[in-house]
Amino acid sequence: MQPDFRVESRTYDQVVRGSWQAYQLSHNTQLSDEALVETASDCLQLWLPAGTLIHWSTRTRPLQYNCLQFFWPNRWYMLSAFYNERILKYTYATVIQPPIIEIERLTYVDLDLSILVKPDQTYEVLTQAEFEQMADLLNYSEETRIGALMALRTLTSSIQLSVGLFASIPHLLRQADFHLQKCERGS
């Protein structure tokens, strides 16, 4: 079965930073047997099995771990949860401009601000200096700067309170072959 979704990450000045193919998961796909907070109905969930080729502007390399990505059409962030087989290793929360979601394609602007979140909810803001540098270099609009910093605050508050977003990330996946399950249903 072929991946059915193309994702493009761009810089603020619209240069393609990276791209990859992913499998779109149905909103009712059971990701885990854990009791999880349900994601909003407008959440787009993508599956990237380990080995998926990620085409960065500098080089192409295979994804080391399985990855679940979560995008929302009106939110200034996305989540990428990485799994060693079925076990959560960490989640990256990336501050972005709200993505453009089309049929079989998603494009977003990465605002160079991200957080690494471990399964125990400890976290580290990774790229605050890069955000400031790129905001100056690429002349981020005032709206973009404010939107990005508000998204960062939303993310850190969610982590600190252990509610919302990060309560929807499974710590143990039900399976590690969601892309094959979809294929089996279609046959």
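Given the structure is predicted, the values throughout are model-derived calculations rather than measurements.
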Take atom [atom1] in [X]; do more than 12 heavy atoms of anything else shown fall under 6.0 Å from it?
X: Gln160; atom1: CD; answer: yes
X: Gln14; atom1: CD; answer: yes
X: Ile100; atom1: CD1; answer: no
X: Ile87; atom1: CD1; answer: no

Provide the closest heavy-atom pair for [X] versus [Y] in the form atom of the first, atom of the second, distance.
X: Arg75; Y: Pro99; value: O-CD, 3.8 Å
X: Met78; Y: Phe71; value: CE-CZ, 3.2 Å
X: Ala176; Y: Arg86; value: CB-CG, 3.9 Å

Separation of [Y] [atom2] from [X] [atom1] (nearest 0.5 Å):
X: Gln175; Y: Leu31; atom1: CD; atom2: CG; answer: 9.0 Å
X: Leu126; Y: Asp112; atom1: CG; atom2: CG; answer: 12.0 Å
X: Asp33; Y: Leu172; atom1: CG; atom2: CG; answer: 8.0 Å
X: Arg61; Y: Thr52; atom1: CZ; atom2: OG1; answer: 13.0 Å
X: Gln45; Y: Thr39; atom1: CD; atom2: OG1; answer: 4.5 Å
X: Tyr65; Y: Glu85; atom1: OH; atom2: CD; answer: 11.0 Å

Exercise. Can you list the steps and then say if Tyr140 with Met134 is a side chain to side chain contact (heavy atoms under 4.5 Å, CB included)?
Worked result: CA-CA 8 Å; Tyr140 288 10; Met134 294 308 287; 3.6 Å; yes

Mind checking whether [X] and [Y] have side chains closer than 4.5 Å, heavy atoms only?
X: Phe166; Y: Leu155; result: yes
X: Arg153; Y: Met150; result: no
X: Trp72; Y: Leu44; result: no
X: Tyr92; Y: Leu79; result: no
X: Glu8; Y: Tyr108; result: no
X: Gln128; Y: Leu113; result: yes
X: Asn66; Y: Trp47; result: yes
X: Val109; Y: Ile96; result: no

Exercise. Got a donor-acceptor contact below 3.5 angstrom from the Tyr12 side chain to the Ser141 backbone?
Worked result: yes

Exercise. Distance-only, no hydrogens or angles: does the Thr127 side chain make a donor-acceptor pair with backbone N or O of Phe131 under 3.5 Å?
Worked result: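 A pair under 3.5 Å: no.
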
For this session: Would you please name every residue forming a side chain to side chain contact (heavy atoms under 4.5 Å, CB included) with Ser32, sequence neighbours left out?
Result: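 By the side chain to side chain contact (heavy atoms under 4.5 Å, CB included) rule, Ser32 matches Glu34, Leu36, Pro170.
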
Problem set entry | Stepwise side chain to side chain contact (heavy atoms under 4.5 Å, CB included) check, Tyr77 with Leu165 | CA-CA 11 Å; Tyr77 52 81; Leu165 288 174; 3.5 Å; yes

Is [X] linked to [Y] within one hydrophobic cluster, defined over Ile, Leu, Val, Met, Phe, Trp and Tyr using a side-chain heavy-atom separation of less than 4.5 Å?
X: Leu53; Y: Val7; value: no
X: Val16; Y: Ile101; value: no
X: Trp56; Y: Leu63; value: yes

Would you check if there is a donor-acceptor pair between the side chains of [Y] and [X] at a distance under 3.5 Å?
X: Ser80; Y: Gln69; answer: yes
X: Ser19; Y: His55; answer: no
X: Thr144; Y: Gln97; answer: yes

For this session: Decide, yes or no, whether a salt bridge links Asp110 with Arg17 under the criterion of side-chain N to carboxylate O below 4.0 Å.
Result: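 Yes, Asp110 and Arg17 are salt-bridged.
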
Exercise. Charged N to carboxylate O under 4.0 angstrom, Glu102 versus Arg105?
Worked result: yes

For this session: Taking the six-membered ring for Trp and the single ring otherwise, decide whether the centroids of Tyr90 and Phe82 are under 6.0 Å apart.
Result: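 Here the rings of Phe82 and Tyr90 have centres that are less than 6.0 Å from each other.
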
Exercise. What's the verdict on side chain to side chain contact (heavy atoms under 4.5 Å, CB included) for Leu46 and Leu68, showing C-alpha distance, side-chain angles and the deciding distance?
Worked result: CA-CA 6 Å; Leu46 300 177; Leu68 271 173; over 6 Å; no

